[in-house]
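Within every chain, numbering begins at 1; the chains are lettered A, B, ... in the order of the sequence lines, protein sequences first and strands thereafter.
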Protein chains: 2
Amino acid sequence: MSEKEEKEFLAARDDVVKKVLEAQPDDEILYDLAELFKVFGDSTRIKILYSMFETELCVNDIARLLNLSQSSVSHQLRILKSSKLVKFRREGKSIFYSLDDEHVRAIISMGMEHVEE
Amino acid sequence: MSEKEEKEFLAARDDVVKKVLEAQPDDEILYDLAELFKVFGDSTRIKILYSMFETELCVNDIARLLNLSQSSVSHQLRILKSSKLVKFRREGKSIFYSLDDEHVRAIISMGMEHVEE
DNA sequence: TTAACATATGATTATTTGTTCATATGTATC
DNA sequence: GATACATATGAACAAATAATCATATGTTAA
C-alpha cells in the first residue's frame, strides 16, 4: 500500500466507525439487552424456562422435575420474574408459574435453531 | 380440599411432571443453549455484536468505536468466534469480523423487542 | 390459633468470568 | 532480515453469581 492509499484507508475506516457509532443504540439499552440474555445464560434457568414451554408449573413441580432444591428454584424464579420472563398466579398454597409472553418462546426457539446446527 | 381431592391433585401434578419430563430436550442440548445465551449476556460482547449489525469491522475499529483495549476486544472476539456468532477474513495486516448468520441478528432483534417494551 | 405445607429470602461460600499487563504471532514494507 | 503495525494469547486479579443452609412469610384446614 502506498502512503496515499494508507491515508485513504485510515480515513475510510474513520468514516465507518463514525457511522456505526451514530447507528448504535444507547449504552443503557445495550446494557439491558445483555442483562436479559444473561438471564437465559444459565442452564438451571433455561431448564426451568423450557419446562414451562407447554404448561404452567408450581415451584414444587419444577423442583421435582429437575431434581433441584426448592430454595434454588425459588431463587431462580425470582430472577425470571424480575426480568418479566415468567408470570404467576396463586392457587391455594401453590403458586403456578408460566412463560410471560411469546417473546420468551421466540428467543428460546431462535437459540435452539443455532444450537441444533 | 378434601382428602380425596388432595390425592387427585397430587396424582394430576405427577402426571404433568411426567409429561413435561418426556418432552424436555436432553440436558446436553439445554446446556449448550444456556452457553449460547451466556455469550450474548455480557454488555461488551453485545456492543461488539451490535456494532457489526450493518457492516464488517476490524479489531482496531471496534476498540476505537467502543473505547476498549485491543486485548479486551480480541479476547471477546475469540469467544464470539468459538460460538460461531462471528466470522472473519484477513485483509493485509487487519482482520475483519462480521456476524456469522441471520440467527445472530434474529436473536438480538428478539431480545431488543423484549427490552424496549 | 396451631399444625402442616408451599414458597420466599438473607447470608455465606465456591466458582466463573472479564479486564489488564506483558508478550507472542503474523503480515507488509523497507 | 529488520522494523513497524495489527492481532492473539497466557497469567493474575477482582468482581459477579449460583447453590446451600437456615429461617421467614403466607395459606389452609382442623
Side-chain angles (χ1 to χ4, degrees), chain A residues 1-7 9-10 13 17 30-31 34-49 56-83 86-98, chain B residues 1-7 9-10 13 17 30-31 34-49 56-83 86-98:
Chain A
M1 237 196 266
S2 73
E3 200 164 325
K4 189 185 170 194
E5 280 173 330
E6 176 77 18
K7 237 178 191 166
F9 176 76
L10 289 176
R13 296 319 302 163
V17 167
L30 294 174
Y31 178 83
E35 288 301 302
L36 174 67
F37 285 124
K38 197 173 288 182
V39 177
F40 287 94
D42 172 80
S43 56
T44 299
R45 282 192 297 267
I46 277 284
K47 284 180 195 172
I48 293 177
L49 287 171
E56 63 176 7
L57 294 171
C58 66
V59 179
N60 183 51
D61 289 344
I62 298 171
R64 282 187 300 146
L65 178 62
L66 302 176
N67 205 26
L68 296 167
S69 72
Q70 176 271 314
S71 177
S72 177
V73 172
S74 205
H75 276 298
Q76 298 300 355
L77 284 171
R78 197 166 67 84
I79 294 172
L80 295 171
K81 256 190 292 185
S82 64
S83 313
V86 301
K87 55 185 195 288
F88 60 98
R89 67 181 182 85
R90 180 179 276 278
E91 182 181 315
K93 283 178 289 187
S94 300
I95 298 184
F96 284 87
Y97 284 84
S98 55
Chain B
M1 236 195 266
S2 74
E3 201 163 323
K4 188 181 171 197
E5 281 172 330
E6 176 78 16
K7 237 178 193 168
F9 176 76
L10 288 176
R13 294 321 301 162
V17 166
L30 293 174
Y31 178 82
E35 288 302 303
L36 173 67
F37 285 124
K38 199 174 287 185
V39 177
F40 287 95
D42 172 78
S43 55
T44 299
R45 282 192 296 269
I46 277 284
K47 284 179 194 171
I48 293 176
L49 287 171
E56 62 176 9
L57 294 171
C58 66
V59 179
N60 183 50
D61 288 344
I62 298 171
R64 283 186 299 146
L65 177 62
L66 301 177
N67 205 27
L68 296 167
S69 72
Q70 177 269 317
S71 177
S72 177
V73 173
S74 204
H75 276 297
Q76 299 300 356
L77 284 171
R78 197 165 69 83
I79 294 172
L80 294 172
K81 256 190 292 185
S82 65
S83 313
V86 301
K87 57 184 194 289
F88 60 98
R89 67 181 183 84
R90 180 178 276 278
E91 182 181 315
K93 284 178 289 187
S94 300
I95 297 183
F96 284 87
Y97 284 84
S98 55

From A/Leu57 atom CG to A/Ile95 atom CD1, the distance as rounded to the nearest 0.5 Å: 14.0 Å

Rounded distance in Å - CZ (B/Phe96) to C1' (D/dA6): 11 Å

B/Phe9 CZ to C/dA6 C1', straight-line distance once rounded to whole Å: 10 Å

Nucleotide D/dT7, atom P - distance to NZ of B/Lys81 in whole Å: 11 Å

Pairwise side chain to side chain donor-acceptor pair (under 3.5 Å) hits with a residue in residues 66-78 of chain A, at least two apart: A/Arg45-A/Gln76

By side-chain contact (heavy atoms from CB on, under 4.5 Å) - contacts of A/Lys47 (at least two apart): A/Leu66, B/Gln24, B/Asp27, B/Leu30

Phosphate OP1/OP2 of C/dA8 contacted by A/Tyr97 side-chain N/O (<4.0 Å): yes

Interatomic distance, B/Arg89 CZ vs C/dT27 P [rounded to whole Å]: 15 Å

Heavy-atom protein contacts under 4.0 Å, nucleotides 13-23 of chain C, coded B base, S sugar-phosphate only, - none: ----SSSBBB-

Sequence-distant partners of A/Arg90, salt bridge (Lys or Arg N to Asp or Glu O under 4.0 Å), two or more places apart: none

Partner residues of A/Asp42 under the salt bridge (Lys or Arg N to Asp or Glu O under 4.0 Å) criterion, sequence neighbours left out: none

Touch class at under 4.0 angstrom, heavy-atom based, for B/Ser94 against every strand present: sugar-phosphate

Distance in angstrom units between B/Arg13 CZ and C/dT7 C1', rounded: 15 Å

Nearest-0.5 Å distance that lies between atom CD1 in A/Ile79 and atom NZ in A/Lys38: 11.0 Å

Could you go over nucleotides 26-28 of chain D and give all protein N or O partners under 3.5 Å, atom names and distances?
none

Contacts of B/Lys93 that satisfy side-chain contact (heavy atoms from CB on, under 4.5 Å) - sequence neighbours left out: none

Nucleotide C/dT7, atom P - distance to CG of A/Leu80 in whole Å: 15 Å

Between C1' of C/dC30 and CD of A/Glu6, the distance in whole Å: 14 Å

For B/Glu91, salt bridge (Lys or Arg N to Asp or Glu O under 4.0 Å) partners two or more places apart: B/Arg89

A/Leu77: side-chain contact (heavy atoms from CB on, under 4.5 Å) partners, not counting sequence neighbours: A/Ile48, A/Val59, A/Ile62, A/Val73, A/Leu80, A/Tyr97

Rounded interatomic separation in angstrom, taking CZ from A/Arg64 and C1' from C/dC5: 14 Å

